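Any value given below was found using the heavy atoms of this structure, including those in side chains, with hydrogens, waters and symmetry copies removed. Keep in mind that what you see is a predicted model, and the values were worked out from it rather than measured.
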Amino acid sequence: MQYAPVKGMNDILPDEIDRWYRLESAFRRVVSRYRYGEVRTPLLEHTELFVRSIGETTDVVEKEMFTFARPKGESLTMRPEGTAGAARAYLTNKVQSREPLTRWYYLGPMFRAEQPQRGRYRQFHQAGCEVYGDLGPLVDAEMLDMLVTFFHEVGVFDVEVCINSIGGEAARARYRSALTEFLRPRAQELSEHARSRLETNPLRVLDSKDARDRAAVTEAPSILEMLEGEDRQHWEGLLTALDALGTPYLVRPGLVRGLDYYSRTLFELNATSGELGAQNTLCGGGRYDGMVKSLGGPDTPAIGFAMGLERILLAAAAVPAAKTPFCVLAPLGRSAQLTALAVARDLRAAGIAVDLDGRGNSLKSMLRRADALRARLCLVIGDSEVARAVVQVKDLAGHSAAEVALGDLPGRIGELLATTPSPPEGA
RNA sequence: GUGGGUGUAGCUCAGUGGUAGAGCACUGGAUUGUGGCUCCAGGUGUCGCGGGUUCAAUUCCCGUCACUCACCCCA
């Protein structure tokens, strides 16, 4: 092969794009009902934005960013996630001074230089939502419920909602030292990886998959029990709201995320069946009440999530797409081809999708192809039809044919496409 | 970044130290202009890439790249 695609970056061909369209439009449809508006931010941002928001010592920033240098010392990075850029856009455009409450969504490619595997690629696609300016737990619950609704709507029913709270900065600091104190005497029981994290980021030990770490952590203090004051109120408010909605959830005190900006509510939606293996996190998010301020803006509470579209496509049952009906035009001979060209234009002008087979093949091959494409109708135009100013209209599913005068064509075809059922799959 | 598996036709895969096959798909014909079945015919491959051993390598050896699964991490 002369040129291979860049590792972990894939082409999406027309055959597959239909599933993407349906997923994306379902997302837009659902979030629009909650009054989210789309924001499109650049794929490139200053590296510093991601370092500051995601966190200097996170894996994403330390080793997974596509970063390159520009002249005069500028460093740019291809966005590894959407929250940082959205927050930057929120500040850049001084949105907080125009409206007190903002709901945004985004949809598009993200880039991380990881080792690709099933459901994880270097260029991948995320859809996400951000709410700025709402501190209360109601919006947390609303967002989780919206996500469940969305997954049901795209045919993913086996999802579990996992939630946790890591409190605000003060609570996190308290818990951090309690956890370190608890783990330090047991350092020998931990995996090497967890041991190295003990001092740098002890919370991450909680969601280690290593059996030794899991065992050591079972008796660890729970952050939920240490929540106080407003942190506790918020957490309890969230549970109350979820209960009121009847949204099922799992409290997972070990749930911790890999990005530094989170505070209080943390959540994850996981696929519980299907073939995703270890990459079963379909959606992750939480609050990041301190982020906007830390980027130099006003103190603005915020909450958001991102979901991986590739994974959702893997998790969603492969429902065959309902193709928009169309017809194939099969001309026989030079003069019929010229007539067909004009006929096709007139049909298209009437809003009908037409596949003009102008290769000059045999009628049989054109009909075979029309079948293979699952066209509803095939219009045959030969010399005798041209002479009489008609076309032969074949209903490919019903094996019937009728002659239609050229003048009646667009209207007649429109009617037939609306009423003729699609040929059954595999027939 | 670490470890395992796999690279042969468009796809799924067989196979051999003497430069290669099947099924599906595709094209044509049987049916001078009427389809999904059937039958017949046809074409396609730098056998991932580079090097080594050999009279001879797609086959054996080494390296490398890609894909893939898992770890890690995350969506």
Rounded to the nearest Å, what distance is computed from the OH atom of residue Tyr121(A) to the P atom of nucleotide A66(B)? 17 Å
In whole angstrom, give the distance that lies between atom CD of Gln117(A) and atom P of A75(B). 14 Å
Apply the ring pair (Phe, Tyr, Trp, His ring centres under 6.0 Å) test between Trp104(A) and each candidate in Phe305(A), Tyr36(A), Tyr132(A), Tyr34(A); give the one that qualifies. Tyr132(A)
Which pair of heavy atoms, one from Ala220(A) and one from Leu179(A), lies closest together, and at what distance? CB-CD1, 4.0 Å
Looking only at side-chain N and O atoms, does Arg257(A) come under 4.0 Å of OP1 or OP2 in C73(B)? no
If you go through the side-chain atoms of Glu385(A), does one of them form a donor-acceptor pair with the base of G33(B) closer than 3.5 Å? yes
Restricting to nitrogen or oxygen on both sides, can you table the protein-nucleotides 25-31 of chain B pairs closer than 3.5 Å?
{"unit_1": "G28(B)", "atom_1": "OP1", "unit_2": "Asn361(A)", "atom_2": "ND2", "d": "3.2"}
{"unit_1": "G28(B)", "atom_1": "OP1", "unit_2": "Ser365(A)", "atom_2": "OG", "d": "3.4"}
{"unit_1": "A30(B)", "atom_1": "N7", "unit_2": "Lys364(A)", "atom_2": "NZ", "d": "3.4"}

Determine the contact category for Glu64(A): base if any of its heavy atoms lies under 4.0 Å from a base atom, sugar-phosphate if only primed atoms, P, OP1 or OP2 are that close, otherwise nothing. sugar-phosphate
If the P atom of U68(B) is compared with that of C13(B), how far apart are they to the nearest Å? 14 Å
Quick check, are the ring centers of Phe157(A) and Phe151(A) under 6.0 angstrom apart? no
State whether a side-chain donor-acceptor pair under 3.5 Å links Arg184(A) with Thr180(A). no
Paired with C67(B) by Watson-Crick or G-U wobble geometry, both distances under 3.5 Å: which nucleotide is it? G5(B)
Distance, C1' atom - from C47(B) to C60(B), rounded to whole angstrom: 15 Å
Mind calculating the distance between NZ (Lys63(A)) and P (G1(B)) to the nearest angstrom? 11 Å
Residue whose closest nucleotide on RNA chain B lies nearer the 5' end, Gln392(A) versus Glu310(A): Gln392(A)
Under 4.0 Å between a side-chain N or O of Gln126(A) and OP1 or OP2 of A75(B)? no
Once you apply a heavy-atom cut-off of 4.0 Å, does Lys394(A) come out as touching a base, just sugar-phosphate, or nothing? base
To the nearest angstrom, how far is Arg334(A) atom CZ from G33(B) atom P? 17 Å
From CZ of Phe305(A) across to C1' of C74(B) the rounded distance in Å is 16 Å
Atom CE in Met291(A), atom CG in Leu91(A): separation rounded to 0.5 Å? 9.5 Å
Would you call Arg122(A) and Phe124(A) a side-chain contact if the rule is heavy atoms closer than 4.5 Å? no
Distance-only side-chain donor-acceptor flag, Arg287(A) / His234(A), under 3.5 Å: yes
Please check if any side-chain donor atom of Asp213(A) sits under 3.5 Å from a side-chain acceptor atom of Ser208(A), or the reverse. yes
Checking all strands, does Ala370(A) fall into the base, sugar-phosphate, or nothing category for heavy-atom contacts under 4.0 angstrom? nothing
Complementary nucleotide of G17(B), counting Watson-Crick and G-U pairs under 3.5 Å: none
Whole angstrom value for the distance that separates P of A75(B) from OH of Tyr106(A): 9 Å
Please determine whether any donor N or O and acceptor N or O are separated by less than 3.5 Å between the side chain of Arg112(A) and the base of C74(B). no
Mate of U12(B) where both pairing distances stay under 3.5 Å, Watson-Crick or G-U: A22(B)
Should U44(B) form a Watson-Crick or G-U wobble pair with both distances under 3.5 Å, which nucleotide is its partner? none
Flag side-chain contact, heavy atom, 4.5 Å: Leu329(A) against Leu341(A): no
Heavy atoms under 4.0 Å, any strand shown: does Gly82(A) hit a base, just sugar-phosphate, or nothing? nothing
Could you work out the separation of A57(B) and G48(B) based on their C1' atoms and round it to a whole Å? 16 Å
Counting the atoms with a prime plus P, OP1 and OP2 as sugar-phosphate, which does Gly285(A) contact under 4.0 Å by heavy atoms, base, sugar-phosphate, or nothing? nothing
Please state the P separation for the pair G10(B) and U44(B) - nearest whole angstrom. 12 Å
Does Leu282(A) reach a base, just sugar-phosphate, or nothing at all? Heavy atoms under 4.0 Å. sugar-phosphate
Assign each of Arg311(A) and Lys7(A) to its nearest nucleotide of RNA chain B by heavy atoms, then name whichever residue's nucleotide is nearer the 5' end. Lys7(A)
Could you tell me the separation between the CG atom of Leu367(A) and the P atom of G35(B), rounded to a whole number of Å? 7 Å
C1'-based separation of C67(B) from A25(B) [nearest Å]: 23 Å
Cation-pi between Arg103(A) and Tyr105(A): NZ/CZ under 6.0 Å from ring centre and within 45° of the ring axis? no
Just call it for Asp59(A): base, sugar-phosphate, or nothing, with non-hydrogen atoms closer than 4.0 Å on any strand. sugar-phosphate
Taking the same atom, P, in C65(B) and in C26(B), what whole-Å distance lies between them? 38 Å
Report yes if a side-chain nitrogen or oxygen of Arg118(A) is closer than 4.0 Å to either non-bridging phosphate oxygen (OP1 or OP2) of C69(B); otherwise report no. yes
Atom CG of Asn270(A) and atom P of C74(B) are separated, to the nearest Å, by 13 Å
Taking a pair as Watson-Crick or G-U wobble with both distances under 3.5 Å, which nucleotide is matched to A57(B)? none
Under-3.5 Å donor-acceptor pair between Arg120(A) side chain and C69(B) base: no
When you compare C74(B) with G4(B), how far apart are their C1' atoms, in angstrom units rounded to a whole number? 22 Å
Pick the C1' atom in G17(B) and in G52(B), then give their distance to the nearest Å. 15 Å
How is Gly284(A) classified with respect to the nucleic acid when contacts are heavy atoms under 4.0 Å: base, sugar-phosphate, or nothing? sugar-phosphate
